[in-house]
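What follows is a set of notes on a single structure, which appears directly below.
First listed ligand is number 1; within each ligand, the first listed atom is number 1. This structure is a prediction, so every number in the text was calculated from the model and none was measured.
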Amino acid sequence: MPESTHCIFCKIIRGNIPAIKVHEDDHTLTFMDIQPASPGHALVIPKTHAANLLEIAEADLLAATRTVQRVARAAQKALAPDGIRIVQTNGTAAGQTVFHYHVHIIPMQEGQRIGTHGRALANPEELKALASQIRDALEH
Ligand code: AMP
Ligand code: ZN
């Protein structure tokens with residue numbers, strides 16, 4: 001059975017489990033992290049399954065990176081954070097918990113001391129509102 005069969009992010013891509021989407025194109029999907037480290041925390045994933053940076057095909061890596069820049073610019077415009085942290089984990093020892101390549105986009109405020117992972121599930125209505133603010137700020 002292919003690895004993607006049980007992969008939670010592949011299930012999101014297939015529409016088998018819900019996600020609050022920010023942006024989608026032919027090669028990437030961006031959605032809100034369900035357990036955000038800070039408001040506006042989003043994840044960018046390639047649509048083709050690859051476990052991590054070591055395995056991802058170059059074309060998917062480039063597509064994902066392009067989307068990361070677009071969404072980070074939109075988050076900057078929409079939410080005006082003091083900074084944006086970009087995090088990408090490879091392997092359990094590095095803190096990876098979902099084994100489908102993903103890039104965290106985490107808006108940061110001055111003095112904020114947070115990790116990559118939030119401690120609690122977010123309110124879906126708040127996630128939807130943040131997703132639409134970021135979506136509206138995307139340049140086409
Ligand atoms: P990492 O620990 O770098 O592998 O990051 C995985 C991220 O995926 C964590 O921040 C989780 O909160 C997030 N996550 C896990 N399942 C879901 C889901 N169904 N929808 C949205 N985000 C998720
Ligand atoms: Zn996958």
Q) Under 4.0 Å from any heavy atom of Gln35, which atoms of ligand 1 are there? A) 12 (O)
Q) Got the closest protein heavy atom to atom 22 (N) of ligand 1, with its distance? A) Ile34 N, 3.2 Å
Q) Crowded around His23 NE2? As in, over 12 foreign heavy atoms under 6.0 Å? A) yes
Q | atom 2 (O) of ligand 1: nearest protein contact (heavy atom, Å) | A | His117 NE2, 2.4 Å
Q) Less than 3.5 Å between some nitrogen or oxygen of Phe9 and one of ligand 1, yes or no? A) no
Q: List every atom of ligand 1 that sits less than 4.0 Å from any heavy atom of His104, numbering the atoms from 1 in the order shown and giving each element.
A: 1 (P), 3 (O), 5 (O), 7 (C), 10 (O)
Q.
Quick check on the 6.0 Å ring-centre criterion: do His102 and His100 meet it?
A. no
Q.
With 2.8 Å as the limit, count the protein N, O or S atoms near the Zn ion (ligand 2).
A. 4
Q: Just jot down the salt bridge (charged side-chain N to carboxylate O under 4.0 Å, His left out) partners of Lys11, sequence neighbours excluded, or say none.
A: none
Q: May I ask whether Ile86 and Val44 are part of the same hydrophobic cluster, defined by side-chain heavy atoms of I, L, V, M, F, W, Y residues being less than 4.5 angstrom apart, directly or through others?
A: yes
Q | Rounded distance [0.5 Å steps], CZ in Arg135 versus NZ in Lys21 | A | 10.5 Å
Q: Using only heavy-atom distances, determine whether the side chains of Asp33 and Gln35 contain a donor-acceptor pair under 3.5 Å.
A: no
Q: Between Asp33, Leu43, Ile45, flag the one that comes closest to atom 11 (C) of ligand 1 by a heavy atom.
A: Asp33
Q) How does His102 reach ligand 1, by side chain, by backbone, by both or by neither, if only non-hydrogen atoms under 4.0 Å count? A) side chain
(Q) Within the structure, is a non-hydrogen atom of Ala19 found at a distance of less than 4.0 Å from ligand 1? (A) no
Q: Indicate, as side chain, backbone, both or neither, the part of Phe31 found under 4.0 angstrom from ligand 1 when only non-hydrogen atoms are considered.
A: side chain
Q: Report the member of Thr97, Thr116, Ile12 with the shortest heavy-atom distance to atom 4 (O) of ligand 1.
A: Thr97
Q. Going by the atom numbers of ligand 1, which of them fall below 4.0 Å from some non-hydrogen atom of Thr89?
A. 1 (P), 3 (O), 4 (O)
